[in-house]
Amino acid sequence: MSEQDKNAPSNFIRQIIDADLKEGRHEGRVHTRFPPEPNGYLHVGHAKSICLNFGIAQDYPGGLCNLRFDDTNPHKENVEYVNSIMQDVSWLGFDWDDRLFYASNYFEQLYEFAVELITSGKAFVCDLDAGQMREYRGTLTEPGRESPYRNRSVAENLDLFRRMRAGEFEDGSRVLRAKIDMASPNLNMRDPTLYRIRHGVIHHQTGEAWCIYPMYDYTHPISDALEGITHSLCTLEFEDHRPLYDWVLENISIDCHPQQIEFSRLNLQYTVMSKRKLTQLVDEKYVDGWDDPRMPTVAGLRRRGYTPESIRMFCDRIGITKADNSVEMEMLESCIREDLDQHAPRAMAVLNPLKIVIENYPEERVEELNAPNHPKDEMMGSRIIKFTREIFIDRDDFLEQAPNKYKRLVTGGEVRLRNAYVIRCDRVIKSENGEITELRCSYDPTTLGANPEGRKVRGVIHWVSASHGFTAKVRLYDRLFNHPAPDADKSVASFLEHLNPQSLQTLETAVLEPSLANAAPGSRFQFEREGYFCLDAAASEEGVPVFNRTVTLRDSWARMDQKNQ
RNA sequence: UGGGAUGUAGCUCAACUGGCAGAGCGACGGACUCUGACUCCGUAGGUUCGAGGUUCGACCCCUCGCAUCCCAGCCA
């Protein structure tokens, strides 16, 4: 872990922990947990929570953080998700050591505690169906009514609950409920459901051992307490659940009472963060799976070329508060640029090739030029690039008639070829329909590593030898949605209407410098003057590698251009 | 007068707990440059949601408003 990661900025939760430590609460321990439900892939919002929980554990002496799967709803969960979550947490750089848990590990204990609640008259078996229960619950402004089954005897409740477990009753026919207060202004306290019946689902951990499953509100506090968690950090929507969290622990025989603290979820502009919507994007094939590089999932960002360091840096920078927020994409992008600018080797790649013939350069000649892999870091070494009579440059780097401040190649003008010579464009060759097909140029042999005599050449463009470069596929990604808050816009029927049809552009004929042919799967480069790219091994086919654009370089020219339009 | 929470720069957060309102990102301008990148320098941007009150002094405490978010699953 780098220095920067160790110095994660403080926040109100760390201040609470500091105070707790000072007061000697929780026996001076700090123990957090990250409790995902394995019903989808992790996204950057989860990364925020992971960095918070594991980060706190790292920063406090003796601090620990558990990974615990909150697997109480087998209907939506599966092992694929369990595995992807473990992979993503590790990839982000965190380690749960031997503290991998499942809420389902505690099913037996949870059952025993339920028996205790029943015995002390604090829970009862209710025969109301879901619709009836809704009616009895009341509304936001009116109190609810007590269930007619609320005053069953302890003995009858015990018997019924045992038979629920034994599988004697159908799904939905009965539930176990806490006996709290049907008149509470907090709906969560109106005799909440503790257990429901679910036949015929095979739980990914417990198989068919159970046909009753505990609810989150009942399971979570007990799981936390059994693991000796000191600070149970969760998102804002659970704030109303805290009284129930506390109620459960106060009404069973357990000697640990973790402190639940809520913080606000992450919202990122131009994307969606709800698992339901991400699942929909995957299921209905709007994207190419959970790890589609346009997805805000950890797997998607990884495939896009983001580094764990950059995501951690992002999580540090956005901070932790209780205020609703919507973070600009630029924040994330600046983090990956900062990381990759420092660590990614440079290479040259021509995305939209335009052929150039250097007429005063001998046909058979091949010159080996030296190019540094990083302009500021000599330790990253250098590589050989081959210069030849025919090369490719990017179509965008040539204009017949250029605006004032244009610094690239124009007819009759000069430009520096990166790491090579200065060339001048003498003639433009066009096809019958007027499309530029080729440029005829001449080079100045005195300009290798030296400025030309008596004149200033301002522009520098990148290039690849036509005879030595190789063709690759390059995928240019843009934001998945063209609305800053696609799921908050009430004026459309569905967030899908804001999907950006241009979110993926595939270039089939990019020409890359030969050194890129040996790139390792997943390795990242800066294609000079274009952006950061990473080799997508999964998408590559024999002989045709695929590179994903992680992010463009900052581009003040493009900004200026846009402004003038 | 249903309950719970949150309002500080365009965005995300600070402000040593009552003592000159700052940073990162973004924007704008300039310098440098064999990447229109990086780096460096500079500029703009604030009625701290509003109105009262307490105080020598309020982003912070009190009162009353306003706005936004969450809650009526046998989801988490």
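Computed from heavy atoms alone, side chains included, the values below leave out hydrogens, waters and symmetry copies. In what follows, chains carry the letters A, B, and so on, assigned in the order in which the sequence lines appear, proteins first and then strands, with residues in each chain numbered from 1.
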Task: Minimal non-hydrogen separation, A/L512 against A/F547, with atom names - done: CD1-CE1, 3.4 Å
Task: Earlier contact from the 5' end, RNA chain B, for A/L417 and A/F12 - done: A/F12
So what does [X] hit on the nucleic acid, given a heavy-atom distance under 4.0 Å: a base, only sugar-phosphate, or nothing?
X	answer
A/G449	base
A/Y195	nothing
A/D129	base
A/S184	nothing

Gap between atoms [atom1] and [atom2], on [X] and [N] respectively (whole Å):
X	N	atom1	atom2	answer
A/D397	B/C34	CG	C1'	14 Å
A/R265	B/C13	CZ	P	15 Å
A/Q15	B/C13	CD	C1'	12 Å
A/E330	B/G24	CD	P	17 Å

Task: Whole-angstrom distance between B/U68 and B/G52, as gauged at atom C1' - done: 23 Å
Open item on the list: Checking one value: the base orientation of B/U54, syn if chi is within 90 degrees of 0, otherwise anti.
Closed with: anti
TODO: Syn or anti for B/G73, please, going by whether the chi angle lies within 90° of 0.
DONE: syn
- [ ] Encode nucleotides 35-47 of chain B as B, S and - characters from 5' to 3', where the letter depends on protein heavy atoms closer than 4.0 Å: B to the base, S only to sugar-phosphate, - to neither.
- [x] BBSBS--------
Task: Summary of protein contacts for nucleotides 1-7 of chain B, nucleotide by nucleotide, where a base hit scores B, a sugar-phosphate-only hit scores S (4.0 Å, heavy atoms) - done: -BBSSS-
- [ ] For the pair A/R549 and A/E530, find out whether any cationic side-chain nitrogen is under 4.0 Å from an anionic carboxylate oxygen.
- [x] no
Task: Carboxylate-amine/guanidinium proximity below 4.0 Å for A/D224 and A/R68 - done: yes
Open item on the list: Can you pull out every ring pair (Phe, Tyr, Trp, His ring centres under 6.0 Å) where at least one residue sits in residues 260-279 of chain A? Sequence neighbours excluded, please.
Closed with: none
Watson-Crick or G-U wobble partner of [N], both distances under 3.5 Å:
N	value
B/G36	none
B/U48	none
B/C28	B/G42

Task: Over 12 foreign heavy atoms within 6.0 Å of CZ, A/R424 - done: no
TODO: Taking side-chain hydrogen bond (donor to acceptor under 3.5 Å, both in side chains) as the test, write out the residues that go with A/R150, two or more places apart.
DONE: A/E146, A/D191
Task: Pairing residues for A/E262 by the side chain to side chain contact (heavy atoms under 4.5 Å, CB included) criterion, not counting sequence neighbours - done: A/C234, A/L236, A/E239, A/R242, A/Q260, A/K322
TODO: Not counting sequence neighbours, which residues clear side chain to side chain contact (heavy atoms under 4.5 Å, CB included) with A/A47? List them please.
DONE: A/L92, A/I311, A/C315
TODO: Please confirm whether A/R145 makes a cation-pi placement over A/Y136, using NZ or CZ under 6.0 Å from the six-membered ring centre and within 45° of the ring normal.
DONE: yes
Open item on the list: Applying the salt bridge (charged side-chain N to carboxylate O under 4.0 Å, His left out) criterion to A/K386, which one of A/E368, A/E367, A/E513 satisfies it?
Closed with: A/E368
